[in-house]
Amino acid sequence: MDEGAFNFDGDYGEAYEALARRVIPGYRTFFPMVAAILDPDLPQEGRVLVVGAGTGIEMVTFKRVRPDLHVHGLDPSDQMLELAKRRVAEAEVSSGVTFQLGYAADVPASPLFDAATLINVLHFVPDDGGKAALLADVARRLRPGGVFVLFDLHGDPGSEEHERYMPAWRRYWTVRGMTPEGVRDFGGRIRDGIHFAPASRVVELAREAGFTEPRRFYKSLLYGGWTFRRADG
């Protein structure tokens, strides 16, 4: 990841949630949607791994829907992890919630999780083996049959679809109140720090990592959401 473009321990991290609400279509309703998708697959006191704890909104949402869950939030940014801890504490849902500074490879290999999420993370990782390694690290920490939710920016720059929706997405920022200066700044960050991959490549990488049953449940402009299952064996 180009930390100059997206420094989550710097100015970008501080403003992340306000920006996310402005530029990600459906941001306010997405996490309740994911909680609803995961719910029937999670046993009582099930274990959920959140890779990229961010500001904690995802963890708080899961705990409010299912107070019995054990939710482990992981993030490589000190600042983001502190934001997540504060949000969870303020929401009074700390019971059963744990945090870890680091990457998916740093999470203990056992006990395995019943579900995992990777939301707004994979697009920061180059497709030079990095995306594949991250997905494989997540897969190794899920029980066979465990459900995996992946949500990401995706696309194939130069393709007809990408060239139609990238300008539309930029216009969406303006519609949502971003200033011309903000559009220029964020557009530069996207250009320098996002590693797009076509939807077909995202699914291919997930399959290679050990996931099966791809189901696309969300698409909006350049964002997509899928569910997968951890393969048996």
Side-chain angles (χ1 to χ4, degrees), residues 6 8 12-104 107 112-124 134 138 141-143 146-154 176 211 215-221 223-230:
F6 294 101
F8 285 92
Y12 185 78
E14 293 174 359
Y16 174 74
E17 185 160 331
L19 180 65
R21 290 175 182 271
R22 177 165 288 171
V23 305
I24 301 176
Y27 184 82
R28 290 177 180 271
T29 58
F30 182 77
F31 297 107
M33 186 194 316
V34 173
I37 289 170
L38 290 178
D39 183 41
D41 283 293
L42 294 172
Q44 189 69 18
E45 297 189 1
R47 289 167 44 80
V48 181
L49 173 63
V50 175
V51 181
T55 62
I57 186 173
E58 182 179 351
M59 304 175 74
V60 168
T61 301
F62 293 168
K63 287 293 291 184
R64 283 178 171 166
V65 172
R66 287 282 302 273
D68 61 291
L69 294 178
H70 297 277
V71 182
H72 187 64
L74 176 74
D75 207 289
S77 162
D78 277 306
Q79 179 174 252
M80 300 307 286
L81 206 63
E82 287 305 312
L83 288 171
K85 289 177 180 179
R86 185 165 69 243
R87 186 174 212 144
V88 166
E90 290 173 351
E92 299 181 346
V93 293
S94 297
S95 177
V97 175
T98 52
F99 298 92
Q100 183 177 352
L101 181 68
Y103 297 88
V107 176
L112 295 173
F113 291 86
D114 299 294
T117 64
L118 188 69
I119 296 176
N120 286 323
V121 175
L122 192 66
H123 53 227
F124 293 119
L134 172 54
V138 175
R141 283 147 183 86
L142 266 180
R143 65 169 173 79
V147 63
F148 172 49
V149 175
L150 170 63
F151 176 83
D152 226 25
L153 275 170
H154 67 281
R176 294 283 293 153
F211 293 108
R215 299 287 185 272
R216 190 166 189 168
F217 69 90
Y218 185 92
K219 186 181 188 307
S220 184
L221 298 176
Y223 285 93
W226 292 263
T227 60
F228 299 88
R229 295 275 180 187
R230 177 68 173 96

Sub-4.5 Å side-chain heavy-atom contact between L134 and L122 | yes
Where A115 and L42 come nearest, the two heavy atoms and their spacing | CB-CD2, 3.6 Å
Residues in ring pair (Phe, Tyr, Trp, His ring centres under 6.0 Å) with F31, at least two apart?
-> Y27
Full working for side-chain contact (heavy atoms from CB on, under 4.5 Å) between V71 and V50 | CA-CA 7 Å; V71 182; V50 175; 3.8 Å; yes
Does the H123 side chain pair with the main chain of L153, one donor and one acceptor, at a distance under 3.5 Å?
-> yes
Which pair of heavy atoms, one from T61 and one from A35, lies closest together, and at what distance?
-> CG2-CB, 4.3 Å
Nearest non-hydrogen partners of L221 and P25, listed with the distance = CD1-CG, 4.1 Å
Partner set under side-chain hydrogen bond (donor to acceptor under 3.5 Å, both in side chains) for R22, not counting sequence neighbours = none
Is there a donor-acceptor pair under 3.5 Å between the side chain of D152 and the backbone N or O of H154?
-> no
Is the Y223-Y218 ring centre distance short of 6.0 angstrom?
-> no
Verdict with reasoning, F148 to L118, per side-chain contact (heavy atoms from CB on, under 4.5 Å) | CA-CA 8 Å; F148 172 49; L118 188 69; 3.7 Å; yes
Closest non-hydrogen atom pair between L142 and G146, with its separation | CD1-O, 4.1 Å
Flag the pair E58 / I119 as yes when at least one side-chain heavy-atom distance between them is below 4.5 Å, and no otherwise.
-> yes
Show your working on side-chain contact (heavy atoms from CB on, under 4.5 Å) between F211 and V138 and close with a plain yes or no.
-> CA-CA 10 Å; F211 293 108; V138 175; 4.3 Å; yes
Dump the intermediate steps for side-chain contact (heavy atoms from CB on, under 4.5 Å) on R86 and E90, then the final yes or no.
-> CA-CA 6 Å; R86 185 165 69 243; E90 290 173 351; 3.4 Å; yes
Selection residues 34-49 - residue pairs positive for side-chain hydrogen bond (donor to acceptor under 3.5 Å, both in side chains), sequence neighbours left out | D39-R66, D41-R229
Of all heavy-atom pairs linking A53 and L81, the shortest is CB-CD1, 4.2 Å
So does E82 pair up with K85, basic N to acidic O under 4.0 Å?
-> yes
Partners meeting salt bridge (Lys or Arg N to Asp or Glu O under 4.0 Å) with R21 (sequence neighbours left out) = E17
From the list R141, R143, R230, salt bridge (charged side-chain N to carboxylate O under 4.0 Å, His left out) with D114 holds only for R143
T117 and its side chain to side chain contact (heavy atoms under 4.5 Å, CB included) partner, picked from L150, L38, V51 | L38
Is there side-chain contact between T55 and Y16, with at least one heavy-atom pair below 4.5 Å?
-> yes
Report yes if the side chains of I24 and F30 come closer than 4.5 Å at any heavy-atom pair, otherwise no.
-> no
Expected output: side-chain K63 to main-chain V65 donor-acceptor under 3.5 Å | no
Show the atom names and distances, to 0.1 Å, of all donor-acceptor pairs under 3.5 Å that link a side chain in residues 91-99 to residues at least two apart or in another chain.
{"from": "T98", "atom 1": "OG1", "to": "H72", "atom 2": "ND1", "distance (Å)": "2.6"}

Considering residues at least two apart in sequence or located in another chain, which fulfil the ring pair (Phe, Tyr, Trp, His ring centres under 6.0 Å) criterion with F113?
-> none
What are the two closest heavy atoms between G54 and D75, and how far apart are they?
-> N-OD2, 3.0 Å
